Structure formats: structure tokens, C-alpha cells
Amino acid sequence: MKTFAGLLVALGVAFFIINLLPTACGDAETLGWRHAHATFYGGSDASGTLGGACGYGNLYSQGYGTNTVALSTALFNDGLSCGGCYEIRCRMKADPQWCLPGTSVIVTATNFCPPNYAEANDNGGWCNPPLSHFDMAMPAFEQIAQVKGGIVPVRYRRVNCAKSGGIRFTINGQRYFIMVMVTNVGRAGDVVSVSVKASNSDQWQPLVRNWGQNWQTGNSQLVGQSLSFSVTTSDGNTAISPEVAPPDWQFGQTFEGNQF
């Protein structure tokens, strides 16, 4: 009798677990994804997205195109997230009226969506801390939702950036204040450190991040030397571009190095 009773208990437990399986499998499908909301800006041609807090300037000529996004404070990380890539999907079950089914878009972080403390977090203050929010270039938003929706619930995850060509280094400033803008970074995309080495030295000199992805140094000895750059991204990988800038480099020029 005890054996039969034990068998019944075991069957009951098994039946309970089987009933839970669909829910558990559904949760597994969202593993690695997080919830947020998305809006859009910049017009139908995304011309209003040019410039921005990452310092990339003309997003068309820099190769970022219109699949770009401005991040809320919670995601922007004071500019260190610039260049990172995200896959975004509209949450169809949460908003079937405005979401486009079966679609997703990969965007690059190129700007900052500032908080609006005059508005409530759920009524206009979409980018207020601690909210994770994506203010997408309009052409990118249109790939996952109808513009009429205005704001939609989304699911997002970090993904590798697929870039054409090498990492680009634009040297700005003047002899005693050299600023290097780092763009078109593949793989993780978001740069956490940059170093430079002049051809007359064996030492790598770390640059200091000024803002966005603009890195600075006051070392005037770099002028007249060929320059090598070392770039490390948030995943810990480093790409070295030996002597990418020739000795006669000029301020305002862009040089293309190696890629991840």
C-alpha cells in the first residue's frame, strides 16, 4: 500500500512539472533579453540624428547610417556605451496594435537621450533614470513598429557590431591638445581605453577620454611622428594598428587601422 501511495505521489509531482514546462520554455526564449521602451527622433531621413553626444559627427559619412539610437542615462554610462550595438524587437504581445510581427533591428549607440524631470517617468520622461530607454532614429524605429504608436515596449540585447573596413582614427585639435575620435569599431563596439605610440618611442601612452568617443593627450611630441593606436573594447579585446598615421599627418585627417 505504501509503495502504491508513493507511486501516486511521484506521478502527481511529474504531472505538476510537465504542466510547468511550457512556461519554463517560454522563459528560456527570452534568456539574454531585457525589457525597455522605444521612441523615435530625427525625421524620416534621420538627418536630425547627426552629431550627438558620442561625437561621431556626420553619421552617414562615418558609416553608421540610419540604424542608430540615443540611450537613456541608465544605458549611456556617461558615454562609454557609445559605439555599442543592440538588437531590438518590439514586444508584440504587449502592444499588438503598433508592433510589427517577426521583426528586429540592430542599432549602434551614437547619442544620449537626456532625462526630462519635468515629466513623469511613464508620461514623457521616458529617458529619466532608472529607465532603460531607446530613442531610435526614425528609419530604425519603422523597422519594428508603426510610427503612429509613438512609444512601444521592446525587448533588447547587446550584440556584436558588424562594421565594414577598419577602425578609424580622426585626429583633431592642435599641437598641445590632440583629440582622437575613434569610430567604426567592430565586435563589442564600445571603447573603454585608447593608447598611442609614436615612432620615436617604445612606450604606449594612454589617452584620456574627453567626451563620447573622443580621446585626448597634451603630448606635443606626437607631432611629426608616425602614430600607432591600441584600442580596447568592453569585452576585453584589443586591436592594435601599427603606424596607421604617417609622420606628416595633419589635424583633421582620418586614418583607418585594423579591425577586431
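Please read these numbers as outputs of a predicted model, since none were measured by experiment. We number each residue from 1, following the sequence as shown.
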Looking at [Y], is its backbone amide N or carbonyl O close enough to the side chain of [X] to form a donor-acceptor pair, meaning the two atoms are under 3.5 Å apart?
{"X": "Asn77", "Y": "Leu80", "value": "no"}
{"X": "Trp204", "Y": "Phe229", "value": "no"}
{"X": "Asn210", "Y": "Trp215", "value": "no"}
{"X": "Ser201", "Y": "Ala198", "value": "no"}
{"X": "His133", "Y": "His37", "value": "yes"}
{"X": "Gln250", "Y": "Asp248", "value": "yes"}
{"X": "Thr217", "Y": "Leu207", "value": "no"}
{"X": "Thr73", "Y": "Pro129", "value": "no"}
{"X": "Ser226", "Y": "Pro246", "value": "no"}

Is the shortest side-chain heavy-atom distance between [X] and [Y] below 4.5 Å?
{"X": "Gln225", "Y": "Pro247", "result": "no"}
{"X": "Met136", "Y": "Ile144", "result": "yes"}
{"X": "Thr108", "Y": "Lys163", "result": "yes"}
{"X": "Thr183", "Y": "Phe169", "result": "no"}

For a side chain to side chain contact (heavy atoms under 4.5 Å, CB included) check, start with the C-alpha distance between Phe255 and Ile171, then their side-chain angles and the critical distance, and finish with the verdict. CA-CA 8 Å; Phe255 303 95; Ile171 306 176; 3.9 Å; yes
With a cut-off of 6.0 Å (strictly less than), are more than 12 heavy atoms of other residues, nucleotides or ligands near OH of Tyr176?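 Count not over threshold, so no.
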All side-chain hydrogen bond (donor to acceptor under 3.5 Å, both in side chains) counterparts of Ser132, not counting sequence neighbours: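 For Ser132 there are no side-chain hydrogen bond (donor to acceptor under 3.5 Å, both in side chains) partners, ignoring immediate neighbours.
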Measure the SG-CD distance between Cys127 and Glu119 for me, rounded to the nearest 0.5 Å.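 If I round to the nearest 0.5 Å, the distance is 12.5 Å.
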[X] and [Y]: side-chain donor and acceptor closer than 3.5 Å?
{"X": "Asp135", "Y": "Thr39", "answer": "yes"}
{"X": "Asn67", "Y": "Gln143", "answer": "yes"}
{"X": "Glu87", "Y": "Ser104", "answer": "yes"}
{"X": "Gln253", "Y": "Thr170", "answer": "no"}
{"X": "Asn111", "Y": "Tyr56", "answer": "no"}
{"X": "Gln205", "Y": "Asn219", "answer": "yes"}
{"X": "Asp45", "Y": "Ser47", "answer": "yes"}
{"X": "Ser228", "Y": "Glu243", "answer": "no"}

Using the side chain to side chain donor-acceptor pair (under 3.5 Å) rule, take Thr238 and Thr232 through it: C-alpha gap first, then chi angles, then the decisive distance, then the call. CA-CA 4 Å; Thr238 298; Thr232 301; 2.8 Å; yes
Apply ring pair (Phe, Tyr, Trp, His ring centres under 6.0 Å) to Phe112 and Phe76, showing your working. CA-CA 7 Å; Phe112 173 55; Phe76 191 62; 4.8 Å; yes
Do you know the tightest heavy-atom contact between [X] and [Y]?
{"X": "Val185", "Y": "Tyr64", "result": "N-OH, 4.4 Å"}
{"X": "Trp249", "Y": "Gly224", "result": "NE1-N, 4.2 Å"}
{"X": "Cys113", "Y": "Ala70", "result": "N-CB, 3.9 Å"}
{"X": "Arg91", "Y": "Arg155", "result": "CG-N, 3.7 Å"}
{"X": "Ser164", "Y": "Asn184", "result": "O-ND2, 2.9 Å"}
{"X": "Pro130", "Y": "Ala74", "result": "O-CB, 3.7 Å"}

Please evaluate residues Asp235 and Arg158 with respect to the criterion salt bridge (charged side-chain N to carboxylate O under 4.0 Å, His left out), reporting the C-alpha separation (whole Å), side-chain torsions for both, the decisive distance (0.1 Å), and the verdict. CA-CA 11 Å; Asp235 60 359; Arg158 280 293 303 271; over 6 Å; no
Step-by-step side chain to side chain donor-acceptor pair (under 3.5 Å) determination, Asp190 to Ser81: CA-CA 5 Å; Asp190 49 348; Ser81 294; 5.2 Å; no
Apply side chain to side chain contact (heavy atoms under 4.5 Å, CB included) to Val107 and Thr68, showing your working. CA-CA 5 Å; Val107 293; Thr68 60; 5.8 Å; no
Knowing that exactly one of Phe134, Trp98, Phe141 qualifies, which makes a ring-ring contact (aromatic ring centres under 6.0 Å, His included) with Phe40?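 With Phe40 as partner, ring-ring contact (aromatic ring centres under 6.0 Å, His included) holds for just one option, Phe141.
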When clusters are formed from ILVMFWY side-chain contacts under 4.5 Å, directly or step by step, what else is grouped with Val208?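 None, because no other hydrophobic side chain comes under 4.5 Å of this residue.
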Remaining members of hydrophobic cluster (4.5 Å side-chain criterion), Ile151: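 Listed partners: Trp126.
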Taking the six-membered ring of Tyr156 as reference, does the cationic atom of Arg89 (NZ for Lys, CZ for Arg) lie under 6.0 Å from its centre and within 45° of its axis?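 Checked: cation-pi criterion not met.
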Test applied, side-chain hydrogen bond (donor to acceptor under 3.5 Å, both in side chains); reference residue, Asn128; option that passes from Asp122, Asn121, Asn116: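 With Asn128 as partner, side-chain hydrogen bond (donor to acceptor under 3.5 Å, both in side chains) holds for just one option, Asn121.
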Do you reckon Ile106 sits in the same ILVMFWY cluster as Val154, going by side-chain contacts under 4.5 Å, direct or chained?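 Ile106 and Val154: separate clusters.
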Looking at Asp78 and Arg209, is any side-chain nitrogen of the basic one under 4.0 Å from a carboxylate oxygen of the acidic one?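 Counted as a salt bridge, because a side-chain N and a carboxylate O are separated by less than 4.0 Å.
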